[in-house]
Protein chains: 2
Amino acid sequence: MAGTGSVQHLSALLDLFTDRQWIVTIDEVMAKLELPRSTAYRTVGALSRAGFLDRVSDEGYSLGPRILQLYRLLQVGDPLLQVARPVCMALAATAPRGSAVLLCRSYFDGVMCVHQEMAPGPQEAVSYQVGRPMPLYRGSSSKTVLAALDRPRLTKLYDRQSDDIRRAGFGESREAFLANVKAIQRAGYCVARGEVDKGRIGISSPFADKGIGLTGCISLVLSEASSTEEDISRAIVQVAAAAHDTMQRLAVWKPATRSSDIDSPARPDATNRATASGSPSRRARSTS
Amino acid sequence: MAGTGSVQHLSALLDLFTDRQWIVTIDEVMAKLELPRSTAYRTVGALSRAGFLDRVSDEGYSLGPRILQLYRLLQVGDPLLQVARPVCMALAATAPRGSAVLLCRSYFDGVMCVHQEMAPGPQEAVSYQVGRPMPLYRGSSSKTVLAALDRPRLTKLYDRQSDDIRRAGFGESREAFLANVKAIQRAGYCVARGEVDKGRIGISSPFADKGIGLTGCISLVLSEASSTEEDISRAIVQVAAAAHDTMQRLAVWKPATRSSDIDSPARPDATNRATASGSPSRRARSTS
DNA sequence: TTTTAAATCCCAAATAATGGGATTATAGCA
DNA sequence: TGCTATAATCCCATTATTTGGGATTTAAAA
């Protein structure tokens, strides 16, 4: 009914949210996106009505419920997650105490962890978190996924990011870079010590599915202090088996087998949302 | 650089994804949004470049990595989650085996679970899932949150959804509705049996924070078969205590105390993304 | 009540999205 | 290798939409 704004604004606005900033004010939107006040209000209002933003009383806007909703749809729909979750759980069950199992996949020029399973025992945080974009050439997960990309992508990637790759010590020249990649491809796994978190070892093995055009890996993150070389050798075998298992399950995955939702609960439609308090409330207290 | 599309399209397009449909084709976009082919391609392309959609080889598009990324930002940023997660964990630790702890909050005309913590023991799925929009008047969580809303919102809500409310048996008239609400307000908790999942009991207690304008509840979901009345009584006390605890912690929450992220990993910017394979690849195989 | 600042509303000007069709790229096939 | 069918992209005049400056309304504080 009402006018809205462009996807560019949407994207730029959501980019304002970072690890450090979880709340965004109208003034920040105006400043960062170089928008006049009225447009800023309108854009923010449209995004609120669509559920991407949520008003935090006087202070500004935070990310909204729509994010959670879409996240759930991704979780229940993505065949990779459907297929690989049980594999990860099984791996976590037999993994050393305190370790973590990661399911990662490539996205654009990066890798992202899409699922994490903690082994029993005291848990230490892994900074390779679900939803956190990571570069393609640091950490065992990244390197493994990188090595699974096809040749044209690799050369393109090197051209684009040669500086960063050099700085990360993953190849001084294109040849060195491709050699490193090839080594991982040959081995079928990758072990990295302390590249992401100090004192932790990452062990990864790749999988790929041409059917849904997907490249990823399964990783096990161990504590460096409490792991013997034997632990690591055993872990490599387990991780490789898990990745292999995942690939096979993906290949035979039937989209028909979908979880029927018991009965579809209320999904407030656009009309309802518009009438609700989606638009900014009056009067923000100026704390200054 | 390139043209994009409107937020309405974005929202409408993302609405095509449901529990049953996790993949969307260009033809569906054309049909459902009544868009010509060129515009459909452009919109989908823009959303892919922004990371909201992800191409699934020949088959179409699925939800993209941006969703996961935003989900994470919501998780690490939201003070409610920061504050209530440990409370939920503590509650789950002492809760009966197989039960689940839910953290819910109100959004528009619905309630949404924003966090779930499983008690140890064999776990049965709860259909009150994280990110799933639920109506405001079915289940203990919903009713509890509903009861915590202010009067004007309640009357507005009834006007808008009186039919649904009647059908759910939560009030034949406005007076009956308000009486039901008041009863929950007085008690300070709500118990519901089998309203969401057959054979399960929900026990909820509300919290609110005027500071960030937030209304929600903490719930415990028990199995009806293995719970005595005494279990339930004890659970009510525990849940109420947890909710109270949450409210107090929220009140003293200092936004200054933020988790400093170790070192910001690569976040592919718009330019990089545009050069990557964000745009649709050629030739989708027609299975027909 | 008055004051102050935020949020919304309004509308002409300007910009950016639109969409029909032509064009190019792709995969399958002979 | 060339040919065909179809998907994906490109082009550009038309048109509908956003835009933004300022006036107006609303709400909280003084």
Side-chain angles (χ1 to χ4, degrees), chain A residues 1-13 23-50 53-61 150 152 210-211 213 274-288, chain B residues 1-13 23-50 53-61 150 152 210-211 213 274-288:
Chain A
M1 194 174 280
T4 50
S6 69
V7 170
Q8 287 183 318
H9 284 170
L10 161 83
S11 197
L13 212 161
I23 207 166
V24 164
T25 66
I26 292 284
D27 290 304
E28 283 168 344
V29 173
M30 282 169 38
K32 302 264 179 68
L33 306 197
E34 296 185 331
L35 255 39
R37 182 166 266 102
S38 55
T39 305
Y41 270 112
R42 240 178 317 167
T43 305
V44 162
L47 287 178
S48 296
R49 255 173 277 126
L53 294 180
D54 186 42
R55 175 152 252 275
V56 178
S57 66
D58 293 352
E59 305 176 50
Y61 294 82
D150 48 33
K210 236 195 76 179
T275 52
S277 65
S279 49
S281 72
R282 312 302 177 111
R283 181 75 188 176
R285 173 179 51 216
S286 60
T287 342
S288 59
Chain B
M1 191 176 281
T4 52
S6 69
V7 171
Q8 287 183 319
H9 283 170
L10 162 82
S11 196
L13 213 161
I23 208 167
V24 163
T25 65
I26 291 285
D27 290 305
E28 282 168 345
V29 172
M30 281 170 42
K32 301 264 179 69
L33 305 198
E34 296 184 329
L35 254 40
R37 183 165 266 103
S38 55
T39 306
Y41 272 111
R42 240 178 317 168
T43 305
V44 162
L47 288 179
S48 295
R49 255 172 278 128
L53 294 181
D54 187 42
R55 175 152 250 274
V56 178
S57 65
D58 294 352
E59 305 177 49
Y61 293 83
D150 47 33
K210 237 195 76 180
T275 53
S277 65
S279 50
S281 73
R282 311 304 180 108
R283 180 78 187 174
R285 173 177 51 215
S286 60
T287 343
S288 59

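By convention in this document, chain letters (A, B, ...) are assigned in the order of the sequence lines, proteins followed by strands, and residues within each chain are numbered from 1.
- For the pair E28(A)/L33(A), no side-chain contact is recorded, criterion being any heavy-atom separation below 4.5 Å from C-beta on.
- Between T39(B) and the phosphate of dT18(C), there is no side-chain N or O to OP1/OP2 separation shorter than 4.0 Å.
- Remark: P of dT19(D) and CG of L35(A) are 7 Å apart, rounded to the nearest angstrom.
- Atoms CE (M30(A)) and P (dG20(D)) sit 11 Å apart, rounded to a whole Å.
- Distance Y41(B) OH to dT18(C) P: 17 Å, rounded to the nearest Å.
- With rounding to whole Å, L47(A) atom CG is found 13 Å from dT18(D) atom P.
- Computed from coordinates, the R37(B) CZ to dT18(C) C1' distance equals 16 Å when rounded to whole Å.
- Between R55(A) and the phosphate of dA7(C), there is a side-chain N or O to OP1/OP2 separation shorter than 4.0 Å.
- Nearest heavy-atom pair across R37(A) and M30(A) is CA-SD, 3.7 Å.
- Within the structure, a side-chain polar atom (N or O) of H9(B) is placed less than 4.0 Å from OP1 or OP2 of dT18(C).
- Residue K32(B) places its NZ atom among more than 12 non-hydrogen atoms of other residues, nucleotides or ligands, all under 6.0 Å distant.
- Place D27(B) and S38(B) on DNA chain D by their nearest nucleotides, and D27(B) ends up nearer the 5' end.
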- Determine, step by step, whether T43(B) and V29(B) satisfy the side chain to side chain contact (heavy atoms under 4.5 Å, CB included) criterion, reporting the C-alpha distance in whole Å, the side-chain angles of both residues, the deciding distance to 0.1 Å, and the verdict. CA-CA 9 Å; T43(B) 305; V29(B) 172; 5.9 Å; no

